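One structure, pasted below without further comment.
The structure presented is a predicted model; accordingly, all values stated were derived computationally and were not measured. In this chain, numbering begins with 1 at the start of the sequence shown.
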Amino acid sequence: MLRHSLAGGLVLAAASCFLAAGSVAHADIYAPYARAGAIVDADGGLNNYKNVISSERVDTGRYCVEFSHKVDVTGALIQITPRDPRRLPHIAYRNPSSTCEGHNTLAIHVYNTSTGHLADGGFDVTIS
């Protein structure tokens, strides 16, 4: 019985190694139905993304996210979700602005819901 348990465990371990060794094709695996999307940290760092060129925190609570030329932000349906329940992100501008001068950018401002003032906070942004 112990021999069968060990053999079964080895088979499972080998299968998991095989599956873990497979490579991820591209970022579409994270957002297969979105045209673009990103996870942006409170410090402006860019995490798992698709069709996003860059993101940065330009000032307290002010962020710029630049999208690939494949996605036009001017007429897109955009969803922003806060990563902290006490923060409220919103789209300030959809193209070059005093906050973000790049082409095809979103200026996103994040507010503290307790004080109503700008505050740093991470968010997810998706364009469908």
- prompt: Can you tell if the side chain of R87 reaches within under 4.5 Å of the side chain of N112, non-hydrogen atoms only?
  reply: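 When only atoms from C-beta onward are counted, N112 and R87 do touch, with a gap below 4.5 Å.
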* Considering all heavy atoms of both residues, which atom of G45 and which atom of S55 are nearest to each other, and what is their separation? ->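 Heavy atoms only, the tightest pair is C-OG, 3.8 Å.
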Q) Applying the 4.5 Å side-chain criterion to the ILVMFWY set and letting contacts propagate, would L106 and L46 be lumped into a single cluster? A)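 Per the 4.5 Å side-chain linkage, L106 and L46 are co-clustered.
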(Q) With heavy-atom distances below 4.5 Å as the criterion, would you say the side chains of T81 and F123 are in contact? (A)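 No, their side chains stay 4.5 Å or more apart.
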Could you check whether any side-chain N or O of D41 sits under 3.5 Å from a backbone N or O of D43, counting only pairs where one atom can act as donor and the other as acceptor?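 Checked: no pair found.
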(message) If you define the side chain from C-beta out and look only at heavy atoms, does anything of Y49 sit under 4.5 Å from I39?
(response)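 The answer is no, as the side chains (C-beta and beyond) never meet within the 4.5 Å cut-off.
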(message) For residues L118 and Y93: do they belong to one hydrophobic cluster (side chain heavy atoms under 4.5 Å, members Ile, Leu, Val, Met, Phe, Trp, Tyr)?
(response)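 No, because L118 and Y93 fall into different hydrophobic clusters, even though each may have its own neighbours under 4.5 Å.
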**Donor-acceptor contact present, side-chain R94 to main-chain A76, <3.5 Å** =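 Yes, the answer is positive, given that a donor and an acceptor are paired below the 3.5 Å cut-off.
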For N104, what residues pass the side chain to side chain donor-acceptor pair (under 3.5 Å) criterion, not counting sequence neighbours?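 Not a single residue meets the side chain to side chain donor-acceptor pair (under 3.5 Å) criterion with N104.
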- Assign the ring pair H109 / H90 to parallel, tilted or perpendicular, where the plane angle (0 to 90°) is split at 30° and 60°.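 Geometry flag for H90 against H109: perpendicular rings.
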* Asked: With a 4.5 Å limit on heavy-atom distance, are the side chains of V110 and D120 in contact?
  ->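 No; the side chains remain at least 4.5 Å from each other.
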Closest non-hydrogen atom pair between V52 and G37, with its separation: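 Of all heavy-atom pairs spanning V52 and G37, the closest is CG2-O, 3.5 Å.
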Next on the checklist: Could you check whether any side-chain heavy atom of I78 comes within less than 4.5 Å of a side-chain heavy atom of T126, counting everything from C-beta outward?
Outcome noted: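 No. Closest side-chain heavy atoms not under 4.5 Å.
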Minimal non-hydrogen separation, A107 against T99, with atom names: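 So the two residues come closest at CB-CB, 4.1 Å.
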- Do any N or O atoms from the side chain of R35 and from the backbone of S128 form a donor-acceptor pair under 3.5 angstrom?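 Present.
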Can you give each donor-acceptor pair under 3.5 Å made by side-chain atoms of residues 60-69, sequence neighbours left out, with the distance rounded to 0.1 Å?
unit_1, atom_1, unit_2, atom_2, d
Y63, OH, A42, O, 2.6
Y63, OH, G121, N, 3.0
S68, OG, K70, N, 3.2

Should I91 and V71 be regarded as members of a common hydrophobic cluster, given that ILVMFWY residues are connected when their side-chain heavy atoms come within less than 4.5 Å of each other, either directly or indirectly?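 I91 and V71: one cluster.
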Subject >> Flag side-chain contact, heavy atom, 4.5 Å: D124 against I80 >> reply: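 D124 does not reach I80 side chain to side chain.
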